[in-house]
Number of protein chains: 2
Amino acid sequence: MTYQAPVRDIMFNIEHLSDWPGVSSLAAYSGVETGDVQAALEGFGRFCSEVIAPLSAQGDATGARFDGEKVVMPGPYLQAYAQYAGMGWQSLPHPEEFGGMGLPRAAGAAATEILNAADMSFGLCPLLTDGAVEALLLTGSGAQKQRYLEPMISGRWSGTMNLTEPQAGSDLGRVRCKAEPGADGAYSISGTKIFITYGAHSLTENIVHLVLARTPGAPAGPKGLSLFIVPKFLVQEDGSLGRRNTVQCVSIEHKLGVRASPTAVLEFQGATGFLVGEENRGLEYMFVMMRAARFSVGVQGVAVSERAYQHALRYAQERVQSRPVDGSSKEAVPILQHPDVRRLLLRMRALVEGGRALAMATAGWLDLAQHAEAETAREAAEMAEFLVPLVKGCCTERSVEVTSMGLQVHGGMGFIEETGVAQFYRDARILPIYEGTTAIQANDLLGRKVLRDGGSTARRFAGMVSAAEAELRKGSAKAQLVADRLGQARRAFEASLAWLLETAPDDPNAAYAGSVPFLMLAGNLAAGWQLGRSVLAAEAKLEQGEDTAFMTQKIATAVFYAQHILVECGTESARVIDGSESLFDAGFEN
Amino acid sequence: MTYQAPVRDIMFNIEHLSDWPGVSSLAAYSGVETGDVQAALEGFGRFCSEVIAPLSAQGDATGARFDGEKVVMPGPYLQAYAQYAGMGWQSLPHPEEFGGMGLPRAAGAAATEILNAADMSFGLCPLLTDGAVEALLLTGSGAQKQRYLEPMISGRWSGTMNLTEPQAGSDLGRVRCKAEPGADGAYSISGTKIFITYGAHSLTENIVHLVLARTPGAPAGPKGLSLFIVPKFLVQEDGSLGRRNTVQCVSIEHKLGVRASPTAVLEFQGATGFLVGEENRGLEYMFVMMRAARFSVGVQGVAVSERAYQHALRYAQERVQSRPVDGSSKEAVPILQHPDVRRLLLRMRALVEGGRALAMATAGWLDLAQHAEAETAREAAEMAEFLVPLVKGCCTERSVEVTSMGLQVHGGMGFIEETGVAQFYRDARILPIYEGTTAIQANDLLGRKVLRDGGSTARRFAGMVSAAEAELRKGSAKAQLVADRLGQARRAFEASLAWLLETAPDDPNAAYAGSVPFLMLAGNLAAGWQLGRSVLAAEAKLEQGEDTAFMTQKIATAVFYAQHILVECGTESARVIDGSESLFDAGFEN
């Protein structure tokens, strides 16, 4: 079973949803044409189909292994990674100044999707490197950028995020790892970090750890954390590798999924570290990396969902079982003809396309936020900050659902590991957990992105949805149907928003009790909105007679989304508004 | 982490929801007191906590193994099974005539829940034996009952269901296994069966396979199947074991979950088989076994959900992380105090208690159907037939959700296999698949239980819900709130029902496109109804001042269920009524 990168749909999203006119006119991307993006993604899609996707089952079966001293990767990963780096794919979304291809974020997100659909375990190494590159680009010194970025962007070195400690998971304020300043301006880093993705491996010649630690006398809590570069091998003046730093892997985890991706416990024993930016601003800098990583994890949700969808669709086309309920055949038919199998597949497709549309639109705002002029950038940043927790929270929660449906389509065969779809179900399950659980995303959304500005960004978001509804109402009957369901969902969002703004000041527990339902409601609405925009674009193309089959399907998927998925918004709103009292009435003594 | 059987809640369900007055006055159960049931369940609960639950993680890690000739079970299973059988637990729900304890079905369901909560892999062996006993009790000849029942009910022999073949999964009409009659009245059975749970193992001295096969000249399709007893060891006149029959295990599956439960491919090579009942009525007989097995699989869903809930609650009470959002403490608190963790746990609890209530009420109808007088039995049978697909379909779908939430409560630790909760998530995933997928349950509900009688049983069900609403409206404010949400859910059910009855004759595809949403709606409503009845019972107890803490919690859980879960019924109804057109508009060409 092979994977085909959905480049046609991805390009539709980039062209019509990611604000391509705005993004491609930014100085940072001057001269980039959609044709360049398409060519890059097609090439990358071929590479991932041919080289990476065939590794995923074997990587899962072998797993990464710790031999007591070092991590042993599944053999074929080594060659595949060398090809990946050698062909320059790591550089796709990064600036030309440091050797990157300089493509916009939407293209980068597309590449992340394609790679992670092919193999999430493999994809995590480049994903972490991307995040570390992003953090260094924005917060590193000139010398640090010169030293570390080119080898990372070329894929020769990888990057990691070292946040979690046994007592400090969601609550990073409890980090205890120590950083003692030395005479030479470097620091001596000591402590134990856990759950470090690709914290130790043999795919690259060096690993650049970004580590949160506490300097002597730093304030307690999250405001006393500083960020350090701790390379596995220290880097000499000429850029060559010097002595081995005193950071050791002491074990890796035995996990439900992404088994070929080593999750390390790292012991820092007076390791040499280099301060990034200023002391005590580490968490702030790490949030830069986390925002990028959270967005990418949401894209991983889309990725594994797409992979599960392709697998399930193929099986449903090939597996013959039972006569059709409408009596149209006396013979058994491919199960794709049975209504509930169709429903499962279409729900999977709608959630995949909705998630992709949301991610691609968010990528556009992220680019504007970083590269546009003052006011445009500020407004884009607000919208991007609002949308990132939706991408992370909702696309990952949905990936658990979609991979489960994909398994269900396979019936008993789905439960057999050799079929391969159980792996997607296992792999996906980490996504709503790492880089901040869904509850953490929901707290971020409610606390920082909604309550802090008195709901103004949330209202602006609702206003944009409303504008799309107005456009849709001018379109076909199907467009009007989507407008109708979008309107219902938006009003459910507005009602929840009003209740939260009113309730939170006096009763934060009641407000936060609804934070995850509110997140799911907002994410559902945001994805539905982007699919609504897709309908507008597709109907315009149909009028021009372009790509009729694709555009017709795009509209059909959006209608299904409106009728089967947007309707969940009312339920979520009821949970937000009516659901908190019973939560605190109930005890857990029995 | 130990498991505690929730005997208090189970007894509440038996006493107040399973029609205990009606069931205990049946001749079949004359003299059985609730005290007897409670004593048995407490004893069994202790045994399962102490002996079975500690095996589950090890059984999962070791798995059942095929050595090329035979299945090797995890070592500790042998001794545990010997204790289980030796203490007579297999006999709990079976008639005294054949050595059983003769307890009602609700007690049997409770025992199934407790055992499967302790270890689903282990519990599958007794579960299949129970199903085979049930089939032989109802369809076996007197001589067959004399020969097979006592050793099965004592747990010395186990039973299996041999239905599936590679080309015949959901569609049993395609079964090809052959049965040639011999001179001695026995048959020679040949063919390959797959996915045979406990088809080969070393826990019992004999295995009684019930096998669907086709006699020469039998009609094609499902009406040409006959049912045969094919024992692993032939049984001699005196009941002792004779020669080894020619049925061989050729391999077992490598599965996502229930890894210690061997799923065998069995090769029948002219094996000696004995016809059960009449030729060509095999599928009809097998449905007896399937109804029992489907009900029990629904109970497995409740079981693994309860186990996941207990694990998650314990973790949430012990894991300290982050300050509370209401600012009530400057220190980090147990995560149970964080609103979304509470929400997850209460949702888990509400789904567990709702599922258990639905199963226990159904057990009462199953008993009346089998043992009551004519008209009562007929009406009870209709209701039981209507409810069994809800128990199977909904409690198993919910178990996937509940075990996923349990994993989520653990954060990153949940993804680490040694924590133990990933196993529940993996184990649960088979439940919506085996014994008929959710879509098969939904087809059964819609086709056989709703359309066939023109909706009259479904309307009777809605009428009973409505009667409970009227009672609740006389109660406390909380009872009235439950009545209100129940009423909304019931009206959503009635609207869907009316649409389905109207649509199905002319457009079966459209009707069946809504079959799973309708199943989930009906199951949600049925569980909510039983929790509504629980509120009535609990408020009566509170007036008498009895067991105040338990009854208060029971009501709180029902209110949460009403506000967070019953509200999903409206969404499901929208999917049924509005959702089919877009399903058939969309193609899968792209």
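Quick note on labels: first sequence line is chain A, next is B, and so on, each numbered from 1.
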NZ of A/K255 to OG1 of B/T419: how many Å apart, nearest 0.5 Å?
12.5 Å
Measure the shortest side-chain to side-chain distance between A/S580 and B/R343 over non-hydrogen atoms and say whether it is less than 4.5 angstrom.
no
Interface moiety of B/P222 toward chain A, non-hydrogen atoms closer than 4.5 Å:
neither
Go through B/T557, B/T438, B/I440, B/L407 and name the one with the most non-hydrogen pairs under 4.5 angstrom from chain A.
B/L407
Check each atom of B/V320 against the heavy atoms of chain A and say whether the ones under 4.5 Å are side chain, backbone, both or neither.
both
Thinking salt bridges, do B/K478 and A/D585 make one under a 4.0 Å N-O criterion?
yes
Look at B/R575 together with A/E568 and state whether they make a salt bridge at an N to O cut-off of under 4.0 Å.
yes
Among A/T552, A/I430, A/I565, which residue forms the greatest number of heavy-atom pairs with chain B at distances under 4.5 Å?
A/I430
Contacting moiety of A/L345, where chain B heavy atoms sit under 4.5 Å
both
Which of the residues B/G412, B/A442, B/G327 is involved in the greatest number of heavy-atom pairs with chain A at under 4.5 angstrom?
B/G412
Heavy atoms only, distances under 4.5 angstrom: which of B/R8, B/E401, B/R319 has the most pairs with chain A? Name it, please.
B/R319
Which bit of B/R174 comes within less than 4.5 Å of chain A, counting heavy atoms only: side chain, backbone, both or neither?
side chain
Heavy-atom distance under 4.5 Å to chain A: side chain of B/A332, backbone, both or neither?
side chain
Kindly indicate whether the side chain of A/R259, heavy atoms from C-beta on, has any atom under 4.5 Å from the side chain of B/E417.
yes
Going by heavy atoms in the side chains, are A/L344 and B/V516 under 4.5 Å from each other?
no
If you apply the rule side chain to side chain contact (heavy atoms under 4.5 Å, CB included), what do you find for A/F415 with B/T263, and how did you get there?
CA-CA 11 Å; A/F415 201 63; B/T263 303; over 6 Å; no
What one should report as the nearest heavy-atom pair of A/R485 and B/D578 is NH2-OD2, 3.5 Å
Selection from B/V325, B/V559, B/V567 maximising heavy-atom pairs under 4.5 Å formed with chain A:
B/V325
Report the relative orientation of the aromatic rings in A/F588 and B/Y309; use parallel for angles under 30°, tilted for 30 to 60°, perpendicular for over 60°.
tilted
Chain B shares the most heavy-atom pairs under 4.5 Å, among A/P432, A/A511, A/S515, with A/P432
Within the 4.5 Å heavy-atom criterion, are B/Y512 and A/D340 side-chain neighbours or not?
no
When every non-hydrogen atom of B/S582 is compared with those of A/Q563, the smallest separation belongs to OG-OE1, 3.0 Å
Where is the tightest heavy-atom contact between B/T437 and A/Q408, given as atom of each residue plus distance?
CB-NE2, 3.7 Å
Measuring only between side-chain heavy atoms, which start at C-beta, is B/H254 closer than 4.5 Å to A/I416?
no
Output the option from B/A439, B/G257, B/A422, B/G514 having the highest count of non-hydrogen pairs under 4.5 Å with chain A.
B/G257
Between A/Y425 and B/L256, which heavy-atom pair has the shortest distance, and what is it?
CD2-CD2, 3.8 Å
Kindly indicate whether the side chain of B/L346, heavy atoms from C-beta on, has any atom under 4.5 Å from the side chain of A/F584.
no
Compare every heavy atom of B/Q321 with every heavy atom of A/Q167, then report the nearest pair and how far apart it is.
O-NE2, 2.9 Å
Looking at A/E581, I'd like to know if its CD atom is crowded, meaning that more than 12 non-hydrogen atoms belonging to other residues, nucleotides or ligands lie closer than 6.0 Å.
no
Select one option (side chain, backbone, both, neither) describing which atoms of B/I194 are under 4.5 Å from chain A's heavy atoms.
neither
Between A/I433, A/T164, A/V400, which shows the greatest number of heavy-atom pairs under 4.5 Å with chain B?
A/I433
Ignoring hydrogens and geometry, is there a side-chain-to-backbone donor-acceptor pair from B/R429 to A/S404 under 3.5 Å?
yes
Partner chain A: residue of B/S322, B/G221, B/S328 with the largest heavy-atom pair count (under 4.5 Å)
B/S322
Is any side-chain heavy atom of B/M413 closer than 4.5 Å to one of A/F195?
yes
Least distance between heavy atoms, A/A586 atom then B/R349 atom
CB-NH2, 3.6 Å
Quick one: does B/H338's side chain get under 4.5 Å of A/S170's, heavy atoms only?
no
